[in-house]
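Within every chain, numbering begins at 1; the chains are lettered A, B, ... in the order of the sequence lines, protein sequences first and strands thereafter.
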Amino acid sequence: MVPKNLIKLEGKQAAGMLRLNEALEDHDDVQNVYSNFDIDEKELESLSA
Amino acid sequence: MSGHSKWATIKHKKAALDAKRGKSFTRIIKEIMIAARSGGDPDGNPRLRTAVLAAKAVSMPSDNIKKAIMRGTGELEGGQIEEVMFEGYGPGGAAVLVNVATDNRNRTVADIRHAFSKNGGNMGEQGSVAWMFERKSQIFIPHDKASEDQLMNVVFEGRRRRHPQRRRPVGSALRPLKRTRPFSRPWRRPISRSRKPASPWSPRTSLSSKASRPRACCA
């Protein structure tokens, strides 16, 4: 599934979104998670560091 | 993490890896079971074929694959698995679609709802965010294997030859080119004029006219 538009996330929201994504993907029954968030690469790096 | 020997470190790493591997196994098995419901022959069922390939890619024993297919087709007893799409919003209002394969829908709904609310999102109704997504195929190609120009050539070749089977036998598209032209941005030329593939990157298979339009190609 490909999103038609993207939503830019920064700071706390970006971190929260990543956490939500991880929580969903970690669930045993979940096959795939699709989302339309867009996080700046630099921000992503600082978040995952 | 580490104890006082090297093995302790390895053990931790291995346990984490095994857990991950096991998880992706169950995920793939579920996909196989769902795919096998619409036909247990991978040759006639593209979705099953993809799932089986994914299973082989993580070196799943073929016995497990066979059993999963049989459970999917109903030849073997096993829990009914259904496929559901959950929708919701994440923090900041981003739309989230969660594709789920479960043998107990009620349990999974509760878990997913919990994951949403615990992480600053909330679960929405069916259809609340699905309209923001389109179902499309994506083709991934390692960027060192082909340049963008070459890929564009492939795409535009596909458009130029709308009905290869009408003009000449499909097989003729596969014969080696006698003369290859340099990559000269053929998409700038009128599309209808040149019928010969300009690049050696011609498609191996031909699809019907609808499917071979660029929209489907690059989507």
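Of the possible donor and acceptor atoms, none in the side chain of B/N45 sits under 3.5 Å from a partner among the backbone N and O of B/A36. B/E83 places no side-chain N or O within donor-acceptor distance of the main-chain N or O of B/A101, the cut-off being under 3.5 Å. Judged purely by atom type and a 3.5 angstrom limit, B/T50 uses its side chain to pair as donor or acceptor with the backbone of B/P46.
Ranked by non-hydrogen atom pairs under 4.5 Å with chain B, the options A/G16, A/A15, A/A14 are led by A/G16. Top candidate by heavy-atom pairs under 4.5 Å with chain B, chosen from A/V30, A/N21, A/I7, A/V33, is A/V30. Chain A forms more heavy-atom pairs under 4.5 Å with one residue of B/I81, B/V84, B/V96 than with any other, namely B/V96. Contact count versus chain A (heavy atoms, under 4.5 Å) is highest, among B/G121, B/G90, B/A95, B/G120, for B/A95.
Of all heavy-atom pairs between A/M17 and B/P91, the closest is N-CG, 3.3 Å.
When each of B/I29, B/I32, B/N64 is tested with B/I69 by the rule side chain to side chain contact (heavy atoms under 4.5 Å, CB included), just one qualifies, namely B/I32.
Contacts of B/F116 with chain A are made by both backbone and side-chain atoms, with heavy-atom separations under 4.5 Å. Of the two parts of A/L9, only the side chain, counted from C-beta on, holds a non-hydrogen atom closer than 4.5 Å to a non-hydrogen atom of chain B.
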